[in-house]
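All ligand and atom numbering here is 1-based and tracks the order in the structure. As the structure is a prediction and not an experimental result, all values here were calculated from the model. Computation of the quantities below employed the complete heavy-atom set of this structure, encompassing side-chain atoms and omitting hydrogens, waters and symmetry-equivalent molecules.
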Amino acid sequence: MAAGQLTGRDPAADYRRDRRRLVERLRDGGVSDLAVLHAFDSVPRHAFVPEVMRARAYEDVPLPIGRRQTISSPTIHALSLEYAEIRPGHRVLEVGTGAGFQTALLAALGAVVYSIERIAPLYETAARTLGRLGVEARLMHGDGSLGWPKYAPFRAIIVGAAAARPPEALFNQLADGGRLIVPVGTRRQELRRYTRRGDDFARETITGARFVPLIEDEPKGEGPR
Ligand code: SAH
């Protein structure tokens, strides 16, 4: 017997209604990019969180996904995607696949998605979830702070974990006019956007933030940024 038959509730309908509410909340909170709002309406966030967290899947909060990692809040994902200015066909690198939720949002936006996850079990779970939902994305288990030179340059790079300084390799793998969205800082963090113009990188602060730390295997050459 399906759970809904006992309670008289249809979980799928509940999720749809909760999802709709979340989209309204994001819009009221200032997210104006219709494609981003539409992506949130089409991707089932509950499919990316552990079963015990499902009831909270459409709250605007980060949730634990195991291995001391979290799926970012919907607002943070929405801002990242809005500032990245993703358009259909853009080649996009995501650093920190996590549960794969943002990966699915990127695919819903029509991006050609490349995503790297450092922690093997998370990579495997995300690959399974995305596969089950039929989301097309190229995934890799590895250190995303090195970027993915084979597929560079990227129109956008979105980093889901914070470092004291953004990894230099990511700047180098950004296309001209491309955008790097990256949280910077240790205790106090800010989410930044860098826009490439030739060899120049214009820097803006999007919002204050609290991301999990970027796992860097060894010290990398870092620039003055
Ligand atoms: N946006 C994701 C959540 C990101 S959480 C989602 O929708 O679920 C940040 C993720 O970055 C974690 O899964 C963490 O394991 C991963 N991470 C940390 N350092 C990394 C690195 N150097 N390379 C790739 N992934 C990394």
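A donor-acceptor pair under 3.5 Å is formed between the side chain of Gln173 and the backbone N or O of Leu146. When atom types are taken as modelled, the side chain of Glu216 and the backbone of Ser145 share no donor-acceptor pair closer than 3.5 angstrom.
The local environment of CZ in Arg67 is sparse, with at most 12 non-hydrogen atoms from other residues, nucleotides or ligands closer than 6.0 Å.
Side-chain contact between Thr103 and Leu106: absent, with no pair of heavy atoms (C-beta onward) separated by less than 4.5 Å. Leu93 is not listed as a side-chain neighbour of Tyr151, based on a closest heavy-atom distance of 4.5 Å or more.
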Show the short N or O contacts, below 3.5 Å, that ligand 1 makes with protein N or O atoms; if there are none, say 'none'.
{"unit_1": "ligand 1", "atom_1": "1 (N)", "unit_2": "His77", "atom_2": "NE2", "d": "2.9"}
{"unit_1": "ligand 1", "atom_1": "7 (O)", "unit_2": "His77", "atom_2": "NE2", "d": "3.3"}
{"unit_1": "ligand 1", "atom_1": "7 (O)", "unit_2": "Gln102", "atom_2": "N", "d": "3.2"}
{"unit_1": "ligand 1", "atom_1": "8 (O)", "unit_2": "Ala99", "atom_2": "N", "d": "3.0"}
{"unit_1": "ligand 1", "atom_1": "13 (O)", "unit_2": "Glu117", "atom_2": "OE1", "d": "2.8"}
{"unit_1": "ligand 1", "atom_1": "13 (O)", "unit_2": "Glu117", "atom_2": "OE2", "d": "3.3"}
{"unit_1": "ligand 1", "atom_1": "15 (O)", "unit_2": "Glu117", "atom_2": "OE2", "d": "2.5"}
{"unit_1": "ligand 1", "atom_1": "19 (N)", "unit_2": "Ile215", "atom_2": "N", "d": "2.8"}
{"unit_1": "ligand 1", "atom_1": "22 (N)", "unit_2": "Asp143", "atom_2": "OD1", "d": "2.9"}
{"unit_1": "ligand 1", "atom_1": "22 (N)", "unit_2": "Ile215", "atom_2": "O", "d": "2.7"}
{"unit_1": "ligand 1", "atom_1": "23 (N)", "unit_2": "Gly144", "atom_2": "N", "d": "2.7"}
{"unit_1": "ligand 1", "atom_1": "25 (N)", "unit_2": "Arg118", "atom_2": "N", "d": "3.2"}

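Atom OH in Tyr114 sits 6.0 Å away from atom CZ in Arg138 (nearest 0.5 Å).
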